[in-house]
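Here's the structure we're looking at; comments come further down.
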Protein chains: 2
Amino acid sequence: MKCKSYETFFVNFSNKSKLNIITALRNEPLNVKTITKKINEEQSAVSHNLKKLSACHVLDVKKAGKERIYSLNKDTVIPILRLVEKHVIKNCSGSCCKK
Amino acid sequence: MKCKSYETFFVNFSNKSKLNIITALRNEPLNVKTITKKINEEQSAVSHNLKKLSACHVLDVKKAGKERIYSLNKDTVIPILRLVEKHVIKNCSGSCCKK
DNA sequence: ATAACATAGGATTAAGAATTCATATGAAAT
DNA sequence: ATTTCATATGAATTCTTAATCCTATGTTAT
């Protein structure tokens, strides 16, 4: 599947676990264990998600010994999050986005 | 559920049907029947999706007789789509975002 | 008042995704 | 060479979501 259909990209932001990872990395690159502790989920689940996130270049990885350090692709992610923040402030002052 | 957790917002972009609706409305507001024809899906499925999209203010609705005219919230949606386009061009020249 | 049209909504089923568990890989330390 | 630690991967299960079907609501026209 190619990126030209954008749905795969957005899936990376459309559930809590993945969004937790993104949030955890907003300020600093982290290794898997630290992410796992920070968001309080199974290591295995985190790894599965990290794989998808980095397949889409939402995250970058680099190896450091036996660790892998994941970092946010800030060029794309930060501006998108900002837009959504703005959207929510403007449109969702009460509660919205109900399922 | 409140918008403060953004995953619900992003769900609106994370499958083909919803993204087709968004694309169909990129240039002009349309009524349900026209959207349905344009994206070639069941009227009922389209209505279900329209509800979610407008609950999140990704779309606006206005009534016109027996029709309902849906339009894109361009303030939010267009800039986000542009960012993703840019991201894809930069990062996904081959194929990426595989599931 | 009834018929025709446009759209919405509920309930069920089917499809897809996330979670979990068990195991594998690979790197550093002893 | 073996153990330990960090991470990844595959398979099975469990959830979640979307798709479908059927019916309801509301609007206009006759």
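Chain naming here is simple, since letters A, B, ... match the order of the sequence lines and numbering starts at 1 in each.
- With rounding to whole Å, B:Ile21 atom CD1 is found 11 Å from C:dA8 atom P.
- To the nearest 0.5 angstrom, A:Lys86 atom NZ is 10.5 Å from A:Asn91 atom CG.
- Put simply, the side chain of B:Phe10 does not reach to within 4.5 Å of the side chain of A:Asn12, judged on heavy atoms.
- One can place CG of B:Asn40 at 11 Å from P of D:dT20, the figure rounded to the nearest angstrom.
- Dashed line: the shortest gap from a side-chain N or O of A:Lys33 to OP1 or OP2 of D:dT7 is not under 4.0 Å.
- Nearer the 5' end of DNA chain D, as judged by each residue's closest nucleotide, is the contact made by A:Asn31, out of A:Ser14 and A:Asn31.
- Listed by first and then second residue, the salt bridge (Lys or Arg N to Asp or Glu O under 4.0 Å) pairs that reach into residues 35-45 of chain B are B:Glu28-B:Lys38, sequence neighbours excluded.
- B:Glu67 has its CD atom 11 Å from the P atom of C:dA8, to the nearest Å.
- Of the two residues near DNA chain C, A:Lys18 and A:Lys63, the one whose nearest nucleotide lies more 5' is A:Lys18.
- Among the nucleotides D:dT27, C:dA18, C:dA27, the one closest to the side chain of A:Lys66 is C:dA27.
- We find that CG of B:Asn20 is positioned 14 Å from C1' of D:dA18, with the value rounded to whole Å.
- Dashed line: the shortest gap from a side-chain N or O of A:Asn15 to OP1 or OP2 of C:dA18 is under 4.0 Å.
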Which protein N or O atoms sit under 3.5 Å from an N or O of nucleotides 8-11 of chain D?
{"from": "D:dA8", "atom 1": "OP1", "to": "A:Tyr70", "atom 2": "OH", "distance (Å)": "2.6"}
{"from": "D:dA8", "atom 1": "OP2", "to": "A:Ser47", "atom 2": "OG", "distance (Å)": "2.8"}
{"from": "D:dA8", "atom 1": "N7", "to": "A:Gln43", "atom 2": "NE2", "distance (Å)": "2.9"}
{"from": "D:dA8", "atom 1": "N6", "to": "A:Gln43", "atom 2": "OE1", "distance (Å)": "3.4"}
{"from": "D:dT9", "atom 1": "O4", "to": "A:Ser44", "atom 2": "OG", "distance (Å)": "2.8"}
{"from": "D:dG10", "atom 1": "O6", "to": "A:His48", "atom 2": "NE2", "distance (Å)": "2.8"}

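- Nucleotide D:dT7 holds its P atom 19 Å from the NZ atom of A:Lys52, rounded to whole Å.
- Closest of all the heavy-atom pairs between A:Ser54 and A:Tyr70 is OG-CE2, 3.9 Å.
- Here D:dC15 presents its P atom at 17 Å from NZ of A:Lys16, a figure rounded to the nearest Å.
- Screening B:Lys66, B:Glu67, B:Arg68 for a side chain to side chain donor-acceptor pair (under 3.5 Å) with B:Asn31, the sole residue that qualifies is B:Glu67.
- Residues A:Phe13 and A:Val88 are members of one and the same hydrophobic cluster, defined by side-chain heavy-atom contacts under 4.5 angstrom among Ile, Leu, Val, Met, Phe, Trp and Tyr.
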Could you walk me through whether A:Ile69 and A:Leu30 pass the side chain to side chain contact (heavy atoms under 4.5 Å, CB included) check? CA-CA 5 Å; A:Ile69 312 295; A:Leu30 298 171; over 6 Å; no
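- Between the CD atom of A:Glu41 and the P atom of C:dC21 there is a distance of 14 Å, given to the nearest Å.
- Look at CG on B:Leu19: it is 13 Å from P on D:dA18, rounded to the nearest Å.
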